[in-house]
Amino acid sequence: MSIKHVTAYYVDAQDGRPANEAPLRHGPALPSDALTVTAVDRRESPPLIIGTLPASEPLSPGMQLIDEAEHTARVIDIEQWRESNAQRELEKKREGMVVSAFQAFAALDAAGYLDQVEVMMADPETPRVHRLAFEKAQEFRRNSDTVNAWKERLELTDQQVDELFEHAATIVA
């Protein structure tokens with residue numbers, strides 16, 4: 001089956017006008033039942049659909065024919081944007097992860113790491129700033145040097161540290 005590559009806009013579910021021409025007063029609908037959506041670029045306003053149609057299908061209002069190379073390039077660009085956006089969101093979330101010392105120690109204990117951290121903090125080779133943080137800090141931040149040192153020494157993944165902080169945040173003294 002031969003296909004054609006297209007960009008398209010959602011259309012008004014009742015009157016069929018493309019979103020790039022008029023507001024969707026009755027909700028969005030695909031411009032053609034035969035349209036296979038490959039990706040949607042939500043950076044655009046209104047969102048731009050990248051997809052394919054059977055070669056025998058006519059272009060509907062709001063659709064534009066593109067070549068396969070442009071189709072592929074647009075899809076890759078959207079996927080890369082999504083990945084980088086997800087990474088930015090994760091970093092933003094991590095920046096906001098702060099727990100009390102009690103919550104941190106309770107979460108480490110629940111996960112079976114507290115004894116290892118205590119041994120690490122008793123080691124004179126451990127940088128003094130990390131030992132002081134362990135002894136004196138009132139709170140721990142996910143992205144702090146001390147937490148990253150614990151992560152490396154315990155050989156934890158970023159996801160495991162995230163889970164420790166998420167669990168710690170639920171602990172109430």
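Only a predicted model underlies this, so the values are computations on that prediction, with no experimental measurement involved.
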Where do H130 and D145 land on the side chain to side chain contact (heavy atoms under 4.5 Å, CB included) test, with the steps shown first? CA-CA 8 Å; H130 299 315; D145 290 341; 3.9 Å; yes
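- Heavy-atom neighbours of R141 CZ from other residues, nucleotides or ligands within 6.0 Å: at or below the threshold of 12.
- Between K93 and E89 no salt bridge is recorded (no basic side-chain N to carboxylate O distance below 4.0 Å).
- Between R42 and E44 there is no salt bridge, since no side-chain nitrogen of the basic residue lies less than 4.0 Å from a carboxylate oxygen of the acidic one.
- Under the 4.5 Å side-chain criterion, counting only non-hydrogen atoms from C-beta, H5 is not in contact with L65.
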Evaluate the criterion side chain to side chain contact (heavy atoms under 4.5 Å, CB included) for residue pair Y10 and L30; output intermediate values, then yes/no. CA-CA 5 Å; Y10 289 102; L30 290 175; 3.9 Å; yes
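- Checking each of V6, T7, T72 against I66 for a side-chain contact (heavy atoms from CB on, under 4.5 Å) leaves exactly one that passes, namely T7.
- Under a hydrophobic clustering in which Ile, Leu, Val, Met, Phe, Trp and Tyr are joined whenever their side-chain heavy atoms come within less than 4.5 Å, directly or via other members, M63 and I78 fall into different clusters.
- Qualifying side-chain contact (heavy atoms from CB on, under 4.5 Å) partners for D158, counting only residues two or more places apart in sequence or in other chains: R94, R142, K151.
- Going from atom CG of D115 over to atom CG of D109 covers 7.0 Å, rounded to the nearest 0.5 Å.
- Listed here is the closest heavy atom pair of W150 and M120: CD1-SD, 3.9 Å.
- Distance check: D67 CG to E70 CD gives 6.0 Å after rounding to the nearest 0.5 Å.
- No hydrogens or angles considered: nothing links the side chains of E83 and Q87 as a donor-acceptor pair under 3.5 Å.
- Among all heavy-atom pairs drawn from L35 and A8, the shortest one is CD2-CB, 4.4 Å.
- In the hydrophobic clustering of ILVMFWY residues, with side-chain heavy atoms under 4.5 Å counting as a link, I171 and M97 come out apart.
- Side-chain contact of N85 with R88: a donor-acceptor pair under 3.5 Å is present, judged by distance alone.
- Of the possible donor and acceptor atoms, none in the side chain of E135 sits under 3.5 Å from a partner among the backbone N and O of L132.
- R17 has its side chain out of reach of V11: every pair of non-hydrogen atoms, C-beta onward, lies at least 4.5 Å apart.
- Checked against the 6.0 Å centroid threshold, Y113 and F105 do not count as a close aromatic pair.
- Side-chain atoms of L164 and L108, non-hydrogen and from C-beta on, do get closer than 4.5 Å to each other.
- Using a distance-only test at 3.5 Å, with no hydrogens or angles considered, a donor-acceptor pair links the side chain of D12 to the main chain of H26.
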Intermediate values then yes/no, side chain to side chain contact (heavy atoms under 4.5 Å, CB included), M121 and T126: CA-CA 6 Å; M121 294 300 110; T126 298; 3.7 Å; yes
Please step through side chain to side chain contact (heavy atoms under 4.5 Å, CB included) for the pair V147 and V161, ending with a clear verdict. CA-CA 8 Å; V147 170; V161 177; 3.9 Å; yes
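- More than 12 heavy atoms of other residues, nucleotides or ligands shown are found within 6.0 angstrom of CG on D15.
- Residues L53 and S32 are in side-chain contact: their nearest non-hydrogen atoms beyond the backbone lie under 4.5 Å apart.
- The CG atom of D33 lies 9.0 Å from the OG atom of S60; values are rounded to the nearest 0.5 Å.
- The two residues A19 and Y9 have their closest heavy-atom pair at N-CB, 4.1 Å.
- D162 has its side chain out of reach of T157: every pair of non-hydrogen atoms, C-beta onward, lies at least 4.5 Å apart.
- Heavy atoms from other residues, nucleotides or ligands lying under 6.0 Å from CD of E163 number more than 12.
- Side chains of S100 and Q103: a donor-acceptor N/O pair is present below 3.5 angstrom, by distance only.
- Contact annotation: the side chain of F140 never approaches that of V98 to less than 4.5 Å [non-hydrogen atoms, C-beta and beyond].
- Interatomic distance, CZ of R131 versus CZ of R128, reported as 6.0 Å (0.5 Å rounding).
- Closest heavy-atom contact between P54 and K4: O-CE, 3.6 Å.
- For R74 against L48, the heavy-atom pair with the smallest separation is NH1-CD2, 3.0 Å.
- P31 and P61 make their closest contact through CB-O, 4.1 Å (heavy atoms, listed as atom of the first residue, atom of the second, distance).
- Under the 4.5 Å side-chain contact rule for hydrophobic residues, L59 and V37 share a cluster.
- Using a 4.5 Å cut-off between side-chain heavy atoms of Ile, Leu, Val, Met, Phe, Trp and Tyr, with links allowed through other members, F102 and L114 fall into different hydrophobic clusters.
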